[in-house]
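Every heavy atom of this structure was used, including side-chain atoms; hydrogens, water molecules and symmetry mates were not.
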Amino acid sequence: MHKEIKLTVSGTGFVGLITAGVFADRGFSTMALDVDEKKVAAVNKGETFFFEPHLPDLIKRVVLEKKTLTASTERIKSIQESNVTLICVGTPSKSDGSCDLSYIESAAKDIGQALAQKDGYHLVVAKSTIVPETTRTLIKTIIEKESNKKAGIDFGLCMSPEFLREGQSVHDTIFPDKIVIGQFDEKSGKKLEAIFQHLYREENDEFSGTWETIFGKKVTCPKILRRSIETAECIKYANNSFLATKISFINEFANICERVPGVDIKHIAEAIGLDFRINPKFLQAGAGFGWSCFPKDVNAMITFAKEHNHNPKLLESVMAVNAQQAKRMVQLTEEIVGDLKEKQIAILGLSFKPETDDMRNAPSIIIIDELLSKGANVIAWDPQAIEEAKKENDLGNKITFANSLEEIFDNTDACLLVTEWKQFKKLEAKDFKKMKKPVVIDGRRIYDYKKFRKEGIIYAGIGLGEIIN
Ligand code: UGA
């Protein structure tokens, strides 16, 4: 089947490049499209331009060895030469919390203009996260207007959201929990289902072998759910909103636990996670959630609900709890160190989570802002995100970046563990004892606080009620 399909993927961000790479690895002839010449040039050299585990090898293999992936800025011509187009462009937040759909509009325009001069059936699949009804009212309308063709007759239309996590996005694309297909019509849905079945077919071939060696499990076809277009759009928002709710729930409880002597949120999370109706995932209390996805999607749903005369109280609280949570790290520091004016505070970890250099909406930004507003001097280190961090919120001019992890302890009054990179998990009490005063505020609860305290560390952690006996 992959011989019949020629794919174009619009957008070379996380979703686009990884999706293009995985389809190309399965043998589909794939063209990644972008307006950015530098990104296109990098892909054509087999290179990547953001940090993501396993992606460099994948892109190198499909571009230079298998030669199944190329990239181009010639979007209209490339779409004409293909028969399936996946829309994977970004949908960033606007200042009012709603979704900026301008990249979606231009991708749809490209497709419409290409289809105007093309014979034969073409399947269009929206993968970007878009608020309900966007596929039908915006994408379909633009393509039909530009091409003078009809969805469901001349071209197929689906919406298929992705659920991949940054830092594990190659894994999540190859081993998804589910595939959701929102279909405009039966033919479109059937065609896309056949493509996914081919991608995930269970076979002892090179593709399966490569990924089995890396991840230790066999490629299998996940459950494929075929639903309406609007249902697929809503599933994506419900999925992310629910996960964000779980995090804010456990953070809310962590704040309550901090007020109960001898209670540790980790024990609460462990126990409730054993209830199969709850499950243990996404119950890690900490400095809050970051990156564009959870904040962006929950905010987009809040705005959407309000525009449709519903007051989404729960989702608003999820965001409010999250905003407070990062600041809780600073409160804990003050409770131990006192006035933060002119104190040297170290930040361990800047990216919104480990294994990525992504700084968007990272809790570290709120924490640093709060520390600076209280007159502290901030020094920070991250294994990957320093260069990205320098560009965020003018941090490059506001704080000091350590050249190495070791440097972070010199003359420091408190260390705030913000992102749980493996490099930090290895640290021992003796490392923190190099500080002026060994104060550790554990925002991800990665250290054994009993051991640390025994070894002379002044330790505070999110969700740890003080033991009074
Ligand atoms: C999230 C979803 O998990 C993906 O399914 C979805 O596809 C993606 O958004 C998206 O819409 O593109 P991602 O934001 O990459 O993925 O990362 P997660 O691993 O979900 O973590 C998000 C944030 O939640 C991080 O800041 C993490 O530190 C925080 N988190 C996560 C917690 O504070 N506690 C937890 O228990 C889990």
Side-chain angles (χ1 to χ4, degrees), residues 6-25 28-64 67-82 84-94 99-114 124-130 138-139 142-143 146 162 164 166-167 169-170 173 291-293 296 351-352 356-361 384-385 387-392 396:
K6 277 193 113 201
L7 275 176
T8 34
V9 179
S10 183
T12 60
F14 267 96
V15 178
L17 191 58
I18 288 150
T19 306
V22 170
F23 272 100
D25 203 34
F28 288 93
S29 159
T30 308
M31 175 81 85
L33 307 177
D34 209 294
V35 289
D36 187 329
E37 283 177 9
K38 278 193 197 136
K39 289 183 179 170
V40 163
V43 174
N44 283 332
K45 279 192 259 166
E47 289 168 7
T48 50
F49 36 85
F50 53 85
F51 177 76
E52 183 66 23
H54 308 294
L55 189 62
D57 287 348
L58 170 65
I59 296 301
K60 206 165 142 195
R61 181 165 68 245
V62 291
V63 174
L64 303 179
K67 299 192 190 313
T68 40
L69 178 68
T70 44
S72 176
T73 51
E74 285 190 59
R75 300 180 309 280
I76 296 174
K77 181 171 166 277
S78 307
I79 295 167
Q80 275 167 1
E81 288 166 5
S82 70
V84 178
T85 302
L86 307 180
I87 303 176
C88 298
V89 293
T91 51
S93 279
K94 288 205 281 205
C99 224
D100 178 353
L101 296 170
S102 53
Y103 300 122
I104 293 280
E105 282 174 30
S106 33
K109 223 169 167 181
D110 289 342
I111 297 169
Q113 288 174 5
V124 179
V125 183
K127 280 197 79 62
S128 309
T129 301
I130 37 182
L138 190 75
I139 298 178
I142 294 176
I143 299 176
E146 295 289 331
E162 54 72 30
L164 54 87
E166 224 179 285
S169 52
V170 174
T173 307
W291 194 35
S292 55
C293 291
K296 168 173 88 78
S351 57
F352 86 103
T356 172
D357 61 358
D358 207 319
M359 281 296 298
R360 284 173 289 172
N361 281 313
Q384 289 290 342
E387 288 316 309
E388 286 303 310
K390 284 181 182 166
K391 296 182 227 156
E392 278 296 322

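- Annotation for Glu52 and Phe14: closest pair OE1-CE2, 3.0 Å, computed over non-hydrogen atoms.
- The shortest non-hydrogen separation linking Ala42 to Phe49 is CB-CD2, 3.9 Å.
- Atoms OG and CG, on Ser78 and Leu7 in that order, are 12.5 Å from each other to the nearest 0.5 Å.
- The two atoms that bring Ile59 and Gly21 nearest to each other are CD1-CA, 4.1 Å, heavy atoms only.
- Note: Glu37 CD to Ser72 OG = 10.0 Å, rounded to the nearest 0.5 Å.
- The structure places CG of Leu55 at 5.0 Å from CD1 of Ile18, a figure rounded to the nearest 0.5 Å.
- A donor-acceptor pair is defined here as one N or O able to donate and one able to accept, closer than 3.5 Å; no such pair exists between the side chain of Thr356 and the backbone of Gly167.
- A distance-only check finds no donor-acceptor pair linking the side chain of Ser169 to the backbone of Glu166 [under 3.5 Å].
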Given Thr85 and Leu33, is the side chain to side chain contact (heavy atoms under 4.5 Å, CB included) satisfied, shown in steps?
CA-CA 10 Å; Thr85 302; Leu33 307 177; 5.5 Å; no

Just do the salt bridge (charged side-chain N to carboxylate O under 4.0 Å, His left out) check on Glu105 and Lys109 with the steps written out, would you?
CA-CA 6 Å; Glu105 282 174 30; Lys109 223 169 167 181; over 6 Å; no

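- Partner of Thr12 under the side-chain hydrogen bond (donor to acceptor under 3.5 Å, both in side chains) criterion, chosen from Asp34, Asp36, Thr48: Asp34.
- The side-chain hydrogen bond (donor to acceptor under 3.5 Å, both in side chains) with Gln113 is formed by just one residue from the set Arg75, Gln80, Glu146; it is Glu146.
- Side-chain contact between Ser10 and Tyr103: absent, with no pair of heavy atoms (C-beta onward) separated by less than 4.5 Å.
- The shortest distance between side-chain heavy atoms of Asp25 and Arg61 falls below 4.5 Å.
- In this structure, the side chains of Asp357 and Ser351 stay at 4.5 Å or more apart for every pair of heavy atoms.
- Phe23 has its side chain out of reach of Leu69: every pair of non-hydrogen atoms, C-beta onward, lies at least 4.5 Å apart.
- Here the closest heavy-atom approach between residue Ala108 and residue Ile143 is recorded as O-CG1, 3.6 Å.
- No side-chain heavy atom of Thr19 sits less than 4.5 Å from a side-chain heavy atom of Glu162.
- Between Lys39 and Leu17 there is no side-chain heavy-atom pair separated by less than 4.5 Å.
- Remark: the backbone N or O of Leu64 is paired with a side-chain donor or acceptor of Lys67 at under 3.5 angstrom.
- The main-chain N or O of Val84 is found under 3.5 Å from a side-chain atom of Thr8 such that the two form a donor-acceptor pair.
- Atom-to-atom distance recorded for Arg360:CZ and Glu388:CD is 9.0 Å, nearest 0.5 angstrom.
- Other residues, nucleotides and ligands contribute at most 12 non-hydrogen atoms within 6.0 Å of the CD atom of Glu74.
- Of the possible polar contacts, one joining the Asn44 side chain to the Ala71 backbone as a donor-acceptor pair under 3.5 Å is found.
- Two residues are said to be in side-chain contact when any heavy atoms from C-beta on lie closer than 4.5 Å; Thr91 and Lys296 meet this criterion.
- The shortest distance between side-chain heavy atoms of Ile130 and Leu138 does not fall below 4.5 Å.
- Atom CD in Glu392 sits 8.0 Å away from atom CG in Asn361 (nearest 0.5 Å).
- Of the candidates Val43, Asp57, Thr30, Thr68, Thr68 is the only one forming a side chain to side chain contact (heavy atoms under 4.5 Å, CB included) with Val62.
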